[in-house]
K.L.:
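Before I ask anything, here is the structure I am working with.
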Amino acid sequence: MTFKVSLFNKGLVASDLKRFWWVSALYGLFLFLILPFQHMMREIPVDVDHSWVREMLQRSLNIFSGQNGLQIVLICTVPVILAVLLFNYLHNSRAAAVLHSLPFNRNTLFCSHIAAGLALLLLPVVANGLVLIILQTTTHLKECYSLLNILQWMGQTALFDILFFAITVFVGMFTGHAGAHIAFAYILQVLPTGLCLLLVENLRHLLYGYADVNRISILPYDFPLMLLADGTDRTFFTAGTVAVYLLVAVLFLAAAAYVYKLRHAEAAGEVVAFASMRPVFKYGVTACTMLLAGVYFAGVSGGAWHIIIVGYVIGSLLGYLIAENLL
């Protein structure tokens, strides 16, 4: 017995690969210039004798070493851009009507886009990893770093690419605007920590005796953007941690697939695609803007409570007007 409807369609996957191959090509080119090309420039016996060169080459394969800022920028932007491009038809009512009129159900559309996106993201990482392996086994670079260092770099880069991609796809199911899609992908990752910090700062000014030791610390399992900003050590990624994050990525994609089936095609162009989520967005923006204004006015006034109240009023009105105009 065979399935009448496949979760993947070769034509859709091939179409995505043809349209967005340039994103993968540019990503691979930048990775090549950052790692293999620089390593080849250092591949001379006299350089290997210098310990600082060996250390620099080893650190280049650790995205948390502090010298891989450009690679971190690529990890934080390429998966987001690719996810927005793949589901860009959800931002245009005419394109959404055309795609949804094709003889494919939404599961097939969604899974085909996801398969193409993961292929476009992971192929550059694998290709550059293979180049690094060839350099490590055939040149003097074997004295600088091991095969395990290369595999760790490939695994961590692929893991963060998948996480950013999954989160962006999930967020995109709740909006029909490209700009909001990009913004929400980063806001979601910053919101938990940022909201905790805003609450702590406001409580510190409003409650007498509230000490700084009550600040919320970064949780061990945090969003990928916060992990990269916090400078997590590579030893943090044990087999169990990697399994947890892969499971989280799968859950984000599964939730996105479910929401996609509930989403109306007419939501294209709307900042918030679901009417039930619009009050959450409106009053969430209002509350966050109010807390941010309270922190600012408290810092300017030295903690005068009546000035803080004025800041709350101004911030809440400003946030409400901004959210109302966006909606």
Side-chain angles (χ1 to χ4, degrees), residues 8 10 12-43 57-65 67-88 111-139 141 144-169 172 181-182 185-186 189 224-225 227-228 234 237 242 245-246 249-250 252-253:
F8 302 95
K10 294 181 180 179
L12 291 174
V13 175
S15 175
D16 288 337
L17 295 178
K18 290 179 181 178
R19 287 192 300 155
F20 305 120
W21 65 268
W22 56 272
V23 178
S24 183
L26 287 176
Y27 185 32
L29 177 61
F30 279 117
L31 288 180
F32 177 78
L33 294 176
I34 293 172
L35 290 174
F37 182 74
Q38 291 193 15
H39 289 195
M40 286 188 289
M41 294 298 99
R42 294 290 183 181
E43 198 283 300
L57 293 175
Q58 290 177 357
R59 288 168 62 87
S60 67
L61 294 175
N62 180 9
I63 61 177
F64 302 107
S65 63
Q67 70 178 44
N68 293 311
L70 182 56
Q71 186 181 344
I72 290 177
V73 171
L74 292 175
I75 292 174
C76 294
T77 55
V78 174
V80 174
I81 294 173
L82 185 58
V84 173
L85 290 175
L86 286 170
F87 290 92
N88 188 49
C111 293
S112 298
H113 292 320
I114 295 301
L118 292 178
L120 291 170
L121 274 179
L122 299 182
L123 281 177
V125 179
V126 174
N128 280 277
L130 292 176
V131 174
L132 288 171
I133 291 174
I134 294 173
L135 291 175
Q136 194 272 339
T137 55
T138 60
T139 67
L141 291 173
C144 299
Y145 50 80
S146 65
L147 180 62
L148 179 61
N149 296 134
I150 299 174
L151 294 177
Q152 286 178 335
W153 171 80
M154 293 174 63
Q156 290 178 3
T157 305
L159 176 63
F160 276 96
D161 282 344
I162 293 172
L163 284 170
F164 272 98
F165 181 75
I167 292 172
T168 307
V169 170
H181 191 173
I182 297 174
Y186 294 110
Q189 301 187 56
L225 182 63
L227 290 177
L228 291 173
R234 182 163 59 182
F237 291 94
V242 172
Y245 277 110
L246 287 177
V250 172
F252 268 114
L253 292 176

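All residue numbers in this chain count up from 1 along the given sequence. None of the values given here were measured: they were computed from a predicted structure. Side-chain atoms are counted along with the backbone in the values below, which use heavy atoms only and exclude waters and symmetry mates.
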K.L.:
List the atom of Leu74, the atom of Pro79, and the distance in Å for their closest heavy-atom pair.
P.N.:
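Smallest heavy-atom distance, with atoms named: O-CD, 3.6 Å.
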K.L.:
Could you pull out all residues at least two apart from Val242 that satisfy side-chain contact (heavy atoms from CB on, under 4.5 Å)?
P.N.:
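Residues passing side-chain contact (heavy atoms from CB on, under 4.5 Å) with Val242: Leu159, Phe237, Leu246.
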K.L.:
Would you give the length of the straight line joining atom SG of Cys76 to atom CZ of Phe160, rounded to the nearest 0.5 angstrom?
P.N.:
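With rounding to 0.5 Å, SG (Cys76) is 8.5 Å from CZ (Phe160).
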K.L.:
Could you report the tightest heavy-atom contact between Val169 and Ala83, atom names first, then the distance?
P.N.:
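Val169 and Ala83 have their closest heavy atoms at CG2-CB, 3.9 Å.
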K.L.:
How close do Val125 and Leu121 get, counting heavy atoms only, and between which atoms?
P.N.:
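Looking at all heavy atoms of both residues, the shortest contact is CG2-O, 3.7 Å.
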K.L.:
Taking all non-hydrogen atoms of both residues, which atom of Ile182 and which atom of Tyr186 are closest, and how far apart?
P.N.:
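Minimum heavy-atom separation between Ile182 and Tyr186: O-CD1, 3.2 Å.
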K.L.:
With side-chain contact (heavy atoms from CB on, under 4.5 Å) as the test, would you mind laying out the steps for Tyr27 and Ile75 before giving the verdict?
P.N.:
CA-CA 9 Å; Tyr27 185 32; Ile75 292 174; 4.2 Å; yes
K.L.:
Roughly how far, to the nearest 0.5 Å, is OG of Ser15 from NE2 of His113?
P.N.:
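Those atoms lie 8.5 Å apart.
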K.L.:
With side-chain contact (heavy atoms from CB on, under 4.5 Å) as the test, would you mind laying out the steps for His181 and Asn88 before giving the verdict?
P.N.:
CA-CA 10 Å; His181 191 173; Asn88 188 49; over 6 Å; no
K.L.:
With rounding to the nearest 0.5 Å, note down the distance linking CH2 in Trp22 to CG in Leu120.
P.N.:
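One gets 10.5 Å once the value is rounded to the nearest 0.5 Å.
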K.L.:
Taking the side chain as C-beta and beyond, is there a heavy-atom pair between Phe37 and Leu31 under 4.5 Å?
P.N.:
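They are not in side-chain contact.
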K.L.:
Step through the shown structure and confirm whether more than 12 heavy atoms of other residues, nucleotides or ligands are within 6.0 Å of CZ on Phe20.
P.N.:
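More than 12 heavy atoms, drawn from other residues, nucleotides or ligands, come within 6.0 Å of this atom.
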K.L.:
Identify the two heavy atoms, one from Ile167 and one from Ala185, that lie closest to each other, and give their separation to 0.1 Å.
P.N.:
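Shortest heavy-atom contact: CG2-O, 4.2 Å.
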K.L.:
Report yes if some heavy atom in the side chain of Leu163 is under 4.5 Å from a heavy atom in the side chain of Phe252; otherwise report no.
P.N.:
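They are not in side-chain contact.
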K.L.:
To the closest 0.5 Å, what do you measure between CD1 (Ile34) and CG (Leu70)?
P.N.:
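Separation between the atoms: 3.5 Å.
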K.L.:
Listed by chain and number, what are the side-chain contact (heavy atoms from CB on, under 4.5 Å) partners of Leu29, not counting sequence neighbours?
P.N.:
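Testing Leu29 for side-chain contact (heavy atoms from CB on, under 4.5 Å), a comparison that skips the adjacent residues, returns Leu33.
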K.L.:
Calculate, to the nearest 0.5 Å, the distance between atoms CD1 and OG1 belonging to Ile72 and Thr157 respectively.
P.N.:
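Rounded to the nearest 0.5 Å, the CD1-OG1 separation comes out at 10.0 Å.
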K.L.:
Excluding sequence neighbours, so at least two apart, what forms side-chain hydrogen bond (donor to acceptor under 3.5 Å, both in side chains) with Gln136?
P.N.:
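In terms of side-chain hydrogen bond (donor to acceptor under 3.5 Å, both in side chains), with neighbours along the sequence ignored, Gln136 is linked to no residue.
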K.L.:
Using atom types as modelled and distance alone, determine if a side-chain donor or acceptor of Asn128 lies under 3.5 Å from a backbone N or O of Gly28.
P.N.:
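Yes; judged by distance alone, with no hydrogens or angles, the pair exists.
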K.L.:
Answer whether the closest heavy-atom distance between the side chains of Leu86 and Phe165 falls below 4.5 Å.
P.N.:
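Yes. Closest side-chain heavy atoms under 4.5 Å.
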K.L.:
Can you tell me how far the CG atom of Leu35 sits from the CE atom of Met40, to the nearest 0.5 Å?
P.N.:
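It is 11.0 Å, given to the nearest 0.5 Å.
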K.L.:
Checking Trp153 against Gln71 for the side-chain contact (heavy atoms from CB on, under 4.5 Å) test, could you report, in this order, the C-alpha distance in whole Å, the side-chain angles of both residues, the deciding distance, and whether it holds?
P.N.:
CA-CA 11 Å; Trp153 171 80; Gln71 186 181 344; 2.7 Å; yes
K.L.:
Show the nearest heavy-atom pair for residues Pro36 and Leu135, with the distance to one decimal.
P.N.:
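Scanning both residues completely, I find the closest heavy atoms to be O-CD1, 3.9 Å.
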